[in-house]
Amino acid sequence: MYDVAIIGAGITGCSIAYELGKYNVKAVVIEKENDVSVGTTKANSAIIHGGYDPKPGTLMAKYNIQGNKYTKELCKKLDVPFKQIGALVVAFSEEEKKTLEELLERGKENGVPDLEIWDQKKLREEEPNISDEAVAALSSPNVGIVSPWEFALAMAEVSVENGVEFKLNTEVKGISKENDVFKIETNNGVIEAGYVCNAAGVYADKVNEMCNEKTFEITPNKGEYYLMDKSQGTLVNHVIFQCPNEKGKGVLVSPTVHGNLIVGPDSQPSAANDVSTTREGLDFVRTKAVKSVPGINFRESIRNFAGVRARTKMHDFQIYEDKKNKGFINVGGMESPGLSSACAVARDIVKMLGNSGLSLEEKKNIVDERHIDRFKHLSHEERAKLVEKDPAYGKIICRCETITEGEIVHALHRPIPATSIDAVKRRCNAGMGRCQGGFCGPRVQEIIARELNIPLAEVPQDRLGTNIITGETKDGGAQ
Ligand SMILES: Cc1cc2nc3c(=O)[nH]c(=O)nc-3n(C[C@H](O)[C@H](O)[C@H](O)COP(=O)(O)OP(=O)(O)OC[C@H]3O[C@@H](n4cnc5c(N)ncnc54)[C@H](O)[C@@H]3O)c2cc1C
């Protein structure tokens, strides 16, 4: 039996796992997919927001401000790609200038540091490629960009080193409570735990209702994106937002931590599992984006993707212990700024568990740092040393991103090992470049088969069942 079961291995569940790993608590993370970070956490704008947007007094405002600071600390400690590049909210009219003033006041009330409004001249000096129509901007220098899936992975990996268990490919199908013990029914048997943290993303309302009365409902809402080649990555220096409206923060144009440009999202009601992209959605994104930055060359698009928001009509995080079922904590409604807030939310979840009776004795020797060898960022001397130690670091597999065989092999043997081509991509960027794995994909597939000692045909592209080949042509077994 576990002390705590966390349902969902996105940024929310992984943050809770990381914080719980610091205590003598037997914790398990239950995830229906074959890897961490494959829900909304892998498909969003990747911005660590400043905190000027949420309404004062909301949980979003509180945790965004705390999370903005804590994320920076954690990314440094856990070697997660992060850059504090600041954001600009751009106004195109006198009317929108008033919105900037409102955001400035709201930001000050929320405690956002160093906010200021720039006039057109300053805006153009700092962002030469911004539209001539832009008349002013709110500058929020505390905003950052992050690799969201690497952030979740880093916290998950460290938590595993501190004793937290991860049960992947394990879907929660029902929950009941008998004699103060939660019985969590899954496709892999019943898991028992004293406490449950529901971090199931767009399915958090369904998981809550497996055991409790309905208290919130998620109306999933999809956002579509363009990811552009590195040729577009320096078009802007900041995260460029337009003025927010009732549908959300609007279409942004931003560099990514990996040197690309991200453009999106739109906002449309969708099914919880609908991550398809559409002509209408992408056309909308494109039309809006060129209003801010007219020079984006959309022929340099290397990928489109979509993510689904866990929207509720309360438009705030739903973080509370169930009134009747003590020990069941919901962490629902984690729409934006959920990525920016999750690490701060997790610290409070631990406090809530403690207040609810969980014994929280701090562990003596915990792992609280992580280092990843990223070949392309090393000096010649560092590269030579690494190759001498392990010749696999001397073999480039992904030429677009300069990723070595050593990094791929490492990704397959980390505390939460990659088991698919996309899982390798999320850990070391192989396949993230211009050709999107067209050249290195088959080689990564071979390395996975060799290292995990499984047939080539059993290597999935991403989720279970996304196999690429059915067999080899000359072995007589192909169908
Ligand atoms: C278009 C878009 C843009 C966004 N941009 C930003 C941004 O720039 N900055 C920001 O701060 N936030 C942003 N967000 C919000 C942010 O992405 C989310 O708040 C965050 O990723 C939510 O993480 P999560 O762990 O709660 O959910 P998820 O990442 O979805 O994780 C939930 C996990 O639970 C698992 N699960 C579900 N049901 C079950 C079950 N029955 N059994 C087992 N496992 C289950 C799922 O498989 C999934 O892995 C954006 C969101 C979207 C959609």
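None of these values were measured; they are calculated from a predicted model. As the structure lists them, so they are numbered: ligands from 1, and atoms in each ligand from 1.
Among the atoms of Lys32, some N or O lies under 3.5 angstrom from an N or O of ligand 1. Checked by distance only, ligand 1 and Val202 stay at 3.5 Å or farther apart across all their nitrogen or oxygen atoms. Between Asn221 and ligand 1, no N or O atom pair is found at a separation short of 3.5 Å. By the 3.5 Å distance cut-off applied to N or O atoms, Glu31 is counted among the residues near ligand 1.
Taking only non-hydrogen atoms, the option from Ile7, Ile11, Asn44 nearest to atom 50 (C) of ligand 1 is Asn44.
Lys77 and Glu369 are not joined by a salt bridge, as no carboxylate oxygen comes within less than 4.0 angstrom of a charged side-chain nitrogen. Remark: Asp79 engages Arg374 in a salt bridge, criterion side-chain N to carboxylate O under 4.0 Å. Look at Lys183 and Glu185 and you find no salt bridge, because none of the NZ, NE, NH1 or NH2 atoms lies under 4.0 Å from a carboxylate O. Looking at Glu217 and Lys214, a side-chain N of the basic residue comes within less than 4.0 Å of a carboxylate O on the acidic one, giving a salt bridge.
Only the backbone of Glu335 comes within contact range of ligand 1, with a heavy atom under 4.0 Å; no side-chain atom does. The proximity of Val308 to ligand 1, defined as any non-hydrogen pair under 4.0 Å, is limited to the backbone. Within the 4.0 Å heavy-atom criterion, the part of Ala199 lying near ligand 1 is the backbone and not the side chain. With a 4.0 Å heavy-atom cut-off, ligand 1 is reached by the backbone of Ile30 but not by any atom from C-beta on. Using a 4.0 Å cut-off between heavy atoms, Ala152 makes no contact with ligand 1 at all. Contacts of Val331 with ligand 1, taken as heavy-atom pairs under 4.0 Å, are absent altogether.
Regarding atom 2 (C) of ligand 1, its nearest protein heavy-atom neighbour is Tyr225 OH, 3.5 Å. Counting only heavy atoms of the protein, atom 37 (C) of ligand 1 lies nearest to Ala200 O, 3.4 Å. In this structure, the protein non-hydrogen atom closest to atom 40 (C) of ligand 1 is Val172 N, 3.8 Å. The single protein non-hydrogen atom nearest to atom 27 (O) of ligand 1 is Gly201 CA, 3.5 Å, given as residue, atom name and distance. Looking at atom 6 (C) of ligand 1, its nearest protein heavy atom turns out to be Ser336 OG, 3.7 Å. Nearest protein neighbour of atom 16 (C) of ligand 1, counting heavy atoms only, is Leu339 N, 3.7 Å. Shortest contact from atom 19 (O) of ligand 1 to any protein heavy atom: Met334 O, 2.4 Å. With respect to atom 26 (O) of ligand 1, the closest heavy atom belonging to the protein is Thr12 OG1, 2.7 Å.
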### Task
Show your working on salt bridge (Lys or Arg N to Asp or Glu O under 4.0 Å) between Asp274 and Lys222 and close with a plain yes or no.
CA-CA 8 Å; Asp274 178 7; Lys222 185 171 70 164; 3.4 Å; yes

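Taking the six-membered ring wherever Trp is involved, the centroid distance between the rings of Phe298 and Tyr226 falls below 6.0 Å.
Aromatic ring pairs are classed by plane angle as parallel below 30°, tilted from 30° to 60° and perpendicular above 60°; the pair His238 and Trp118 is perpendicular.
Not close to ligand 1: Val36, with no non-hydrogen atom less than 4.0 angstrom away.
Arg463 places a side-chain N or O within donor-acceptor distance of the main-chain N or O of Val38, the cut-off being under 3.5 Å.
Looking only at atom types and distance, the side chain of Asn330 has a donor-acceptor partner in the side chain of Asn198 under 3.5 Å away.
Scanning all heavy atoms of the two residues, the minimum distance from Lys177 to Lys326 falls at NZ-O, 2.8 Å.
Checking Lys425, Arg434, Lys230 one by one against Glu401, the salt bridge (Lys or Arg N to Asp or Glu O under 4.0 Å) holds for a single residue, Lys230.
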